[in-house]
Amino acid sequence: MFYAFGALSLQTDWDNALFAAVPQPKTLNFYTIMNNIPVLLAEKLLNISAIKLQPEIPFVWASGWNSPIYTDNRKTLSYPDVRSFIKLELARTIAENFPEVDAIAGVATGAIAQGALVADLLVKPYVYVRSSPKDHGLENLIEGNLKAGQKVVVVEDLVSTGSSSLKAVEAIRNAGCDVIGMVAIFTYEFPVAQKRFKDANVPLITLSNYSAMLKVALDINYIKESDVETLKEWREDPENWVPKEI
């Protein structure tokens, strides 16, 4: 396989790195691996505790929501193999789906580092978007230089409701640029997020997702079969979900 990322070409080294990351039965081939990227990455995220599941003792998010899951993809930066895997997969996703991209934008704070790694691999200009303008100096919302008319792909670490992710899209559009898509490491697959991205006309592609993660968590005995229905119920209505009494 061959991928051309701007001035950089990744050929057999990329393929070998991907194969090395996967325990391979005799029947496994490159295309089988590619179709299982969501599952493969979900297992990596669970293994390094970037994703934690506690269906019986839920977390409480800053929003006040009860949640049986907590995700912190910034932890991936501490594991070179996982960090590189995500960088390569995000770059491949952009190269294959948005070949006309002019610039990459990361969303603060979780995707700043990963976005920079991807932009470097693709040899593209890079900026990041703050959640709010800084309160001193030039009061920038976008750090870095974008030119009006540039086609931008946004890199996000996690998509939950889609609200903060789409605020970054709005800021880039207000700067006169065209957001042609967003790529992310993981999504909870909330129905409200799916609707928001559709309404905003922003194609979203994620490396892994909640459904794949549940499959892996059950397969590796991270959760019990009885937990699956609870975890699915939360995903359908996270704002109003109440944990069952033990």
Side-chain angles (χ1 to χ4, degrees), residues 1-11 13-14 37 41 73-74 76-77 82-187 193-194 196-208:
M1 298 295 291
F2 178 85
Y3 298 96
F5 295 152
L8 181 64
S9 296
L10 301 179
Q11 201 165 7
D13 286 348
W14 188 91
I37 292 297
L41 179 55
N73 286 328
R74 289 169 295 190
T76 63
L77 298 170
V82 181
R83 183 181 68 219
S84 294
F85 181 88
I86 290 171
K87 173 185 68 175
L88 288 165
E89 278 302 303
L90 288 174
R92 180 190 62 79
T93 299
I94 293 171
E96 289 184 353
N97 294 277
F98 309 107
E100 70 274 32
V101 62
D102 296 316
I104 304 297
V107 180
T109 57
I112 291 178
Q114 197 59 253
L117 291 170
V118 170
D120 189 58
L121 186 59
L122 294 173
V123 196
K124 297 293 181 181
Y126 178 68
V127 303
Y128 72 85
V129 186
R130 294 176 173 272
S131 58
S132 59
K134 61 183 180 182
D135 57 5
H136 61 279
L138 297 177
E139 300 182 348
N140 293 335
L141 183 58
I142 298 175
E143 297 291 356
N145 294 321
L146 285 177
K147 298 177 182 178
Q150 282 186 314
K151 293 178 172 61
V152 179
V153 172
V154 178
V155 174
E156 180 65 286
D157 68 321
L158 173 67
V159 174
S160 53
T161 65
S163 178
S164 59
S165 303
L166 290 172
K167 282 182 180 177
V169 170
E170 181 181 8
I172 295 168
R173 286 174 170 170
N174 288 341
C177 295
D178 179 15
V179 176
I180 58 175
M182 181 180 296
V183 296
I185 297 172
F186 189 81
T187 175
Q194 294 169 354
R196 283 175 173 168
F197 274 87
K198 181 179 179 181
D199 291 346
N201 194 29
V202 178
L204 171 65
I205 303 174
T206 64
L207 300 186
S208 191

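FYI, side chains are in, hydrogens and waters are out, and symmetry mates aren't considered; it's all heavy atoms of this structure.
Rounding to the nearest 0.5 Å places CZ of Phe85 at 12.0 Å from OG1 of Thr76. Annotation: the span from Ile180 atom CD1 to Asn201 atom CG amounts to 12.0 Å, rounded to 0.5 Å. Going from atom CG of Leu204 over to atom NZ of Lys198 covers 14.0 Å, rounded to the nearest 0.5 Å. Rounded to the nearest 0.5 Å, atoms CD (Gln150) and CG (Asp178) are 11.0 Å apart. Separating the OG1 atom in Thr206 from the CD1 atom in Ile37 is a distance of 12.0 Å, to the nearest 0.5 Å. Note that CG of Leu158 and CG of Asn73 are 6.0 Å apart. Values are rounded to the nearest 0.5 Å.
More than 12 heavy atoms of other residues, nucleotides or ligands lie within 6.0 Å of CZ in Arg83, so this atom counts as buried by the packing criterion.
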Sequence neighbours left out, cut at 3.5 Å: what donor-acceptor pairs do the side chains of residues 97-112 make with other protein atoms?
{"from": "Asn97", "atom 1": "ND2", "to": "Thr93", "atom 2": "O", "distance (Å)": "2.8"}
{"from": "Asp102", "atom 1": "OD2", "to": "Lys151", "atom 2": "N", "distance (Å)": "2.8"}

Can you list, pair by pair, the side-chain donor-acceptor contacts under 3.5 Å of residues 169-177, counting residues two or more places apart and other chains?
{"from": "Arg173", "atom 1": "NH1", "to": "Ala200", "atom 2": "O", "distance (Å)": "3.1"}
{"from": "Arg173", "atom 1": "NH2", "to": "Ala200", "atom 2": "O", "distance (Å)": "3.0"}
{"from": "Asn174", "atom 1": "ND2", "to": "Glu170", "atom 2": "O", "distance (Å)": "3.3"}

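Listed by chain and number, the residues in a side chain to side chain donor-acceptor pair (under 3.5 Å) with Ser165 are Glu156 (sequence neighbours excluded).
Taking all atoms of both residues into account, the shortest heavy-atom contact from Val159 to Ala193 is CG1-CB, 4.4 Å. Glu89 and Arg92 get closest at one heavy-atom pair: OE1-NH2, 2.6 Å. Scanning all heavy atoms of the two residues, the minimum distance from Ala113 to Leu77 falls at CB-CD1, 3.7 Å.
Using a 4.5 Å cut-off on side-chain heavy atoms (C-beta onward), Ser163 and Arg196 make contact.
Shown are Val183, Thr187, Leu90; of these, the side chain to side chain contact (heavy atoms under 4.5 Å, CB included) with Leu207 is made only by Leu90.
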